[in-house]
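Inspection log for the structure reproduced underneath, given as structure tokens.
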Amino acid sequence: MKTDLSSKIKLEQIPKRYFSPQDEVELATLTQREKVYTKIFETASEGSEYLADAMVKYINRALESKNKCFLALDSAKSLDETYAALIRMYNENKVNFSNVYVYQLCEFLPQEEGAPSTLSRLHEIFLDHVNVKKEHIRTFNLKEAKENIYSSCKAYEQYFAGSGAIDITLCEIGPSGNLAFNGPGTPATKTCRLVHLDDEMRKSISEEYNNDNVPATGITVGIANILSSKHILTTAWGENKAKIIQETVEDIPNSNVPASFLQGHSNAVVVVDLPAAEYLTRIAHPWKVTSCDWNDKLIRRAIVWLCHKTGKPILKLTDRDFQDAGLSELIALYGSAYNVNIKIFNDLQHTITGWPGGKPNADDTYRPERALPYPKKVLIFSPHPDDDVISMGGTLKRLVDQGHDVHVAYQTSGNIAVGDEDMMRYVMLMDNIANRFGFNTPEFANMSVDIHDYVNNKKSGDPDSEDIRFLKTKIRQGEARIACHYVGVKPENVHFLNLPFYETGTIKKGNLTEKDMRVVKDLIEDIKPHEIFVAGDLADPHGTHKVCTDAVFAAIDEVKDDEWMKDCKIWMYRGAWAEWEIDHIEMAVPISPEELRIKRNSILKHQSQMENAPFLGNDDRLFWQRAEDRNRATAKLYHDLGLASYEAIEAFVEYHPIRE
């Protein structure tokens, strides 16, 4: 089973020469705007292996030269695979940690019962699995009285510097460009100190540690301490890190993005995957740094960029506009701006369709979806029980209204996103109606008491009990059924898959397994759809969307050669976090004001997600607001390019099964 096919989405869209050039000359050309050495890999797994290899090389070099090595280590989740690779290499006798000293980069303060700990996590994911000696682990003095914190930090800083400089610092570039607990506003001169953790950092930590009890303060080594290391290895994975990586690597160093100070270090390396690199010039706008291998999608991207730059719609761009923007290659290829403009205008025009399932008895030569067969069997995969309506609610409604046999498959229960308060509303309702409806049995009474007691005594980070998970699952299933009914999906066409990887009771999920794939495959083979819609949203902060996408793609990989699959198209939609780049959009479905209202109402059926939708980072908008803003922004983009003006647009990209 292939478990990481979603990583190929970006690979299909970006020529390899831009992120993995064949020689040093081409590398120098492509990276001319990058001010810190940056390595881009197809997947986070490949990047993690590179980091582990580099760590072993530097450690062995230090041990050979001075018989000891000093490491400063982060405990961020993005480094889990790197530590797993280091543990494997240790077990393979490729590295020995007996003379390695480990320094803590940061820690939460105070360390109360139930609070997260970076040191505990570092032990869990790395230190307890290798032969680092206990006496070689240097940590902050957390028992120091508050009035002595300053002197304690200075003492630790001397300890940190007294090693003759840290040989290697390994850390994550955080969501706000932070290194350790050095957040926005931190100058390069800052050293070890007590810091306030801002709301965004605490929210990110809460999700990573599955713990709401995150202190408002912490101790961290400073930017100056990190920059004193001989080697610095940093990493970031995923689309939600793309903007901060571009600012870190290409913008002028500034305290608003502390990681940008890495530009002043001669041995710093930033390691990212393709999604995290997508805003770097060589990926986003390669024509600015090299001669391009022009294809239709890259031309479209360049024209859209030029329209933004000039403030003109496509058909008003001139030869001079192309020349001034460094796009003379396109004039040479097509003879004139007019020829390029017409081509791209028509390409974009042909992406627009009000018939996402294909228009019967119509010429489909230039339509994104086939006219026949009609009606189609359509299968929509939704990672959580609301992603279908959030991401493609207007398209879902059109598919139903246009007569297609629409199935919706909810891949996970989404039960961890139901707050205890929302769940208790239903428990108290059952308590109040038990007598009237005749289920006031001793068994129910005992169960109700157990649930009340559990919730009242629950501590941050505690998993839900089995009964509570069951109730929360049923709440979300009920909301999904109501939303499907509202847009016209038949009750028998609503499927709840409850993929096993998700059912852990905590934010931390399992890995994709054969069992998950089989559940998805069985449904696909049972329905044999003509159209499949699947989430392509890889920016989901807690990773569930990616695992769900990989489960569908793994199942499709198993059936891709079946005869019926030759007549099946696969469309990817985006979730609440991002939209497809316009150069990749292949189907744009216009949404009228009335359809947008219906979409909003279908999202509002998910009442448990309305008050406090989780995992939104520092964006306080609720899902329906984000969805509407995104859909309207896509429509405005089409309008600004000179195409028709719509209230809103939902966008899709076709997925082609990978063939070796």
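Everything numeric in this text was worked out from a predicted model, so none of it was measured.
The list of ring-ring contact (aromatic ring centres under 6.0 Å, His included) pairs with a residue in residues 385-404, not counting sequence neighbours, reads Tyr374-His404.
Applying the ring-ring contact (aromatic ring centres under 6.0 Å, His included) test to Tyr338 and every residue at least two apart in sequence or in another chain returns nothing. Residues satisfying the side-chain contact (heavy atoms from CB on, under 4.5 Å) test with Pro175, not counting sequence neighbours, are Asn178, Glu200, Ser204, Lys241. For Glu647, the side-chain contact (heavy atoms from CB on, under 4.5 Å) partners two or more places apart in sequence, or in a different chain, are Pro593, Leu596, Arg632. Residues satisfying the salt bridge (charged side-chain N to carboxylate O under 4.0 Å, His left out) criterion with Lys474, sequence neighbours excluded, are absent altogether. For Asn498, there are no side chain to side chain donor-acceptor pair (under 3.5 Å) partners at least two apart in sequence or on another chain. With sequence neighbours excluded, the residues that form a ring-ring contact (aromatic ring centres under 6.0 Å, His included) with Phe553 are Tyr655. Judged as a salt bridge (charged side-chain N to carboxylate O under 4.0 Å, His left out), and not counting sequence neighbours, Lys605 has no contacts. Residues that satisfy the salt bridge (charged side-chain N to carboxylate O under 4.0 Å, His left out) test with Asp386, not counting sequence neighbours, are Arg476. Considering only residues two or more places apart in sequence or on other chains, Arg481 meets the salt bridge (charged side-chain N to carboxylate O under 4.0 Å, His left out) condition with none of them. Every residue was checked against the side chain to side chain donor-acceptor pair (under 3.5 Å) condition with Arg33, not counting sequence neighbours, and none meets it.
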Under 3.5 Å, which donor-acceptor pairs link side chains of residues 521-536 to any protein atom two or more places apart or in another chain?
{"unit_1": "Lys528", "atom_1": "NZ", "unit_2": "Glu525", "atom_2": "O", "d": "2.8"}
{"unit_1": "His530", "atom_1": "ND1", "unit_2": "Lys377", "atom_2": "N", "d": "2.9"}
{"unit_1": "Glu531", "atom_1": "OE2", "unit_2": "Trp571", "atom_2": "NE1", "d": "3.4"}

